[in-house]
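To start, the structure itself, in structure tokens.
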Amino acid sequence: MAFKLPAQHHVLQLQSIEAGFQLKEVPTPQPGLGNAIIRIEASGIISYHREVYNGDRHYSFPTPIVGGISAIGRIAALGPDSTALKEGQLVYVDCVIHARDDPDTLFLSALHDGGAEGSKKLIRDVWRDGSFAEYARFPLENCISLDESRLCGSLGYSIADLMYMNYLLVPFGGLRDIKLEPGETIVVTPATGGYGGAGVQVAIAMGARVIAMGRNEEKLVVLKEHVLNSSPNAQIETVKITGDEAADLATLQSFGAIDAVLDLTPPQGSKSSHLRSATSALRRNGRVSLMGFVEQPVVPWTFVAKNITIRGKLMYEREDMLQFVKMLERGLFPHGKALVDTKSFQLSDWKAALDVASEHTGIGKQVIFIP
Ligand SMILES: NC(=O)c1ccc[n+]([C@@H]2O[C@H](COP(=O)([O-])OP(=O)(O)OC[C@H]3O[C@@H](n4cnc5c(N)ncnc54)[C@H](OP(=O)(O)O)[C@@H]3O)[C@@H](O)[C@H]2O)c1
């Protein structure tokens, strides 16, 4: 499928934190060395995009900027040094951009400048604009090939279903980083949020038994039902976070040996004791993937005495994405409503989209733009 790039396209551009977004018509980006132009089919919106772009989260990025995070799109044009990607091909457009001469320097497209001098330079001067747009320019290596005939043909995924990778990939990065094995038992804290819920889905697909912690019992019931609807043989337990560290620890211990913990606590939960209960319940040599914000994740002596490993993890590596796509193509995840209930918006409805994204959260829920 050959594309003819239009002269102009629509983008959702944040002029400044104070001024907010404007839908604009601007010149379409052109391909060059090392990049691809992608026709965006769906662009993910996360629960705290509104907080990022209204300044409440104090994330650092240059303005004006076209907003966004990861997306699903079709390759519309390729730089002359591309060798494997093809025009018209369906791809996952990854928001994690690494410096080519120092891959340890990285930032999140249109979301956070990464804090280093090099990453600030790249987001300011080279890869400024994100995927809230009809067309976007991304590094070639950020375009992850998707086998459309297998995924959308034989397996029945829609483009919106595939966009849920935006959620699933994050916990997968943490779970692979702590080498979760099939058959192991993992505690996911808190499990009732978007990324926590995705963590439960991914851990089940990886063959683990999951203990899902959350402070809202009704949401825990919904979470368990969502998992069991598509995976009736999955082993999933739920534990209410009571705020009583010792009591929550005792409840977790009643499930027997726990191998690992995945945490995705948001900043507003950073003082909660739930993660300390979970890490204290680990067996000797247990592992923890810390992907959220908790001020005191462990009880110091317990952590030493049991040889606990704690690893911080930002997002995932490229190999994780390739591995994840293989799992998806092998049919390890359900599709349609059994995977995710998607609410879609046009770019012009950005206000409603960001508001709904802050509410439509939890396992199997997402909000997206269809530009
Ligand atoms: N490391 C990474 O690469 C990475 C990537 C993406 C996101 N994250 C982090 O993941 C966090 C979660 O994002 P999300 O989109 O999943 O958010 P979300 O959908 O809003 O979910 C937030 C979760 O935190 C729980 N929670 C909120 N306040 C709490 C408190 N005081 N005590 C205990 N639990 C509390 C919520 O429980 P209820 O359901 O009861 O409200 C819910 O389970 C983000 O804030 C982000 O910082 C990290």
Side-chain angles (χ1 to χ4, degrees), residues 44-52 56-59 69-70 94-97 106-112 114-115 164-178 187-202 210 212-224 226 238-245 248 261-278 288-297 310-317 320-321 324 340-341 343 354-368:
I45 308 176
I46 53 176
S47 67
Y48 49 96
H49 252 144
R50 188 179 63 181
E51 288 171 47
V52 171
D56 284 353
R57 272 230 176 189
H58 301 290
Y59 278 18
I69 189 167
S70 299
D94 177 35
C95 68
V96 187
I97 299 185
L106 57 109
F107 67 94
L108 303 181
S109 168
L111 203 75
H112 196 292
Y164 194 48
M165 282 172 67
N166 185 37
Y167 272 99
L168 297 169
L169 278 171
V170 169
F172 188 59
L175 294 174
R176 271 199 106 204
D177 192 48
I178 55 167
V187 178
V188 178
T189 63
T192 54
Y195 287 104
V200 171
Q201 283 168 300
V202 174
V210 173
M213 290 186 86
R215 56 187 183 164
N216 181 320
E217 273 173 308
E218 284 170 25
K219 288 189 188 176
L220 288 173
V221 170
V222 171
L223 177 136
K224 192 166 180 170
H226 186 87
T238 58
V239 169
K240 181 175 160 54
I241 297 169
T242 65
D244 179 335
E245 190 176 326
D248 292 350
V261 175
L262 171 69
D263 180 73
L264 280 147
T265 302
Q268 62 269 31
S270 63
K271 294 197 188 313
S272 173
S273 62
H274 59 260
L275 184 55
R276 275 198 306 282
S277 302
V288 184
S289 177
L290 216 52
M291 301 194 82
F293 294 82
V294 172
E295 283 177 15
Q296 292 178 320
I310 300 194
R311 291 177 65 89
K313 186 70 193 170
L314 181 70
M315 306 299 273
Y316 38 76
E317 306 302 315
D320 298 333
M321 288 189 284
F324 184 85
V340 63
D341 173 23
K343 293 195 187 299
L354 267 56
D355 285 346
V356 172
S358 72
E359 297 289 329
H360 186 64
T361 58
I363 191 164
K365 290 184 185 171
Q366 69 169 349
V367 179
I368 64 174

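In this text the structure is predicted, and so the values were computed from the model without any measurement. Counting convention: from 1, in listed order, for ligands and their atoms alike. Throughout, residue positions are numbered sequentially from 1 according to the sequence presented. Values reported hereafter were calculated over all heavy atoms of this structure, with side chains retained and with hydrogens, waters and symmetry mates removed.
Looking at Met291, Glu51, Glu218 and measuring to atom 9 (C) of ligand 1, the nearest heavy atom belongs to Met291.
Both the backbone and the side chain of Leu314 come within 4.0 Å of ligand 1, counting heavy atoms alone. The part of Val170 lying near ligand 1 is the side chain, judged by heavy-atom distances below 4.0 Å. Heavy atoms from both the backbone and the side chain of Pro266 come within less than 4.0 Å of ligand 1. Contacts with ligand 1 closer than 4.0 Å are made by no heavy atom of Lys271, backbone or side chain. Only the side chain of Arg57 comes within 4.0 Å of ligand 1, judged by heavy-atom distances.
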Pair Asp94-Leu169, side-chain contact (heavy atoms from CB on, under 4.5 Å): steps then yes or no: CA-CA 10 Å; Asp94 177 35; Leu169 278 171; 5.7 Å; no
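Residue, atom and distance of the protein heavy atom nearest to atom 46 (C) of ligand 1 are Tyr48 OH, 3.5 Å. Counting only heavy atoms of the protein, atom 12 (C) of ligand 1 lies nearest to Leu264 O, 3.4 Å. Of the protein's non-hydrogen atoms, Pro190 CG, 3.6 Å is the one closest to atom 25 (C) of ligand 1. For atom 32 (N) of ligand 1, the closest non-hydrogen atom on the protein side is Ser272 CB, 3.8 Å. What sits closest to atom 41 (O) of ligand 1 on the protein, heavy atoms only, is Arg215 NH2, 3.0 Å. Protein heavy atom in closest approach to atom 47 (O) of ligand 1: Phe293 CE1, 2.9 Å. At the shortest separation from atom 19 (O) of ligand 1 among protein heavy atoms lies Gly194 N, 2.8 Å. Protein heavy atom closest to atom 13 (O) of ligand 1, with residue, atom name and distance, is Tyr195 CD1, 3.5 Å.
The CD atom of Gln366 sits 11.5 Å away from atom CE of Met165, with the distance rounded to the nearest 0.5 Å. Atom CG of Leu262 is separated from atom CE of Met213 by 13.0 Å, given to the nearest 0.5 angstrom. Going from atom NZ of Lys343 over to atom NE2 of His360 covers 5.0 Å, rounded to the nearest 0.5 Å.
Crowding of Gln268 atom CD: a count of heavy atoms from other residues, nucleotides or ligands under 6.0 Å exceeding 12.
With Ser277 contributing its side chain and Glu245 its backbone, the two residues share a donor-acceptor pair below 3.5 Å. In this structure a side-chain-to-backbone donor-acceptor pair under 3.5 Å is present from Ser358 to Asp355. In this structure, Ser70 contributes its side chain and Cys95 its backbone to a donor-acceptor pair below 3.5 Å.
Defined by atom type and a distance below 3.5 Å, a donor-acceptor pair is present between the side-chain atoms of Tyr164 and Gln201.
Note: Tyr59 and Tyr48 have perpendicular aromatic rings, judged against thresholds of 30 and 60 degrees for the angle between ring planes.
An N or O contact shorter than 3.5 Å is missing between Ala191 and ligand 1 by distance. Not one N or O of Pro267 is nearer than 3.5 Å to an N or O of ligand 1, by distance alone. Between Lys219 and ligand 1, at least one N/O pair is under 3.5 Å apart.
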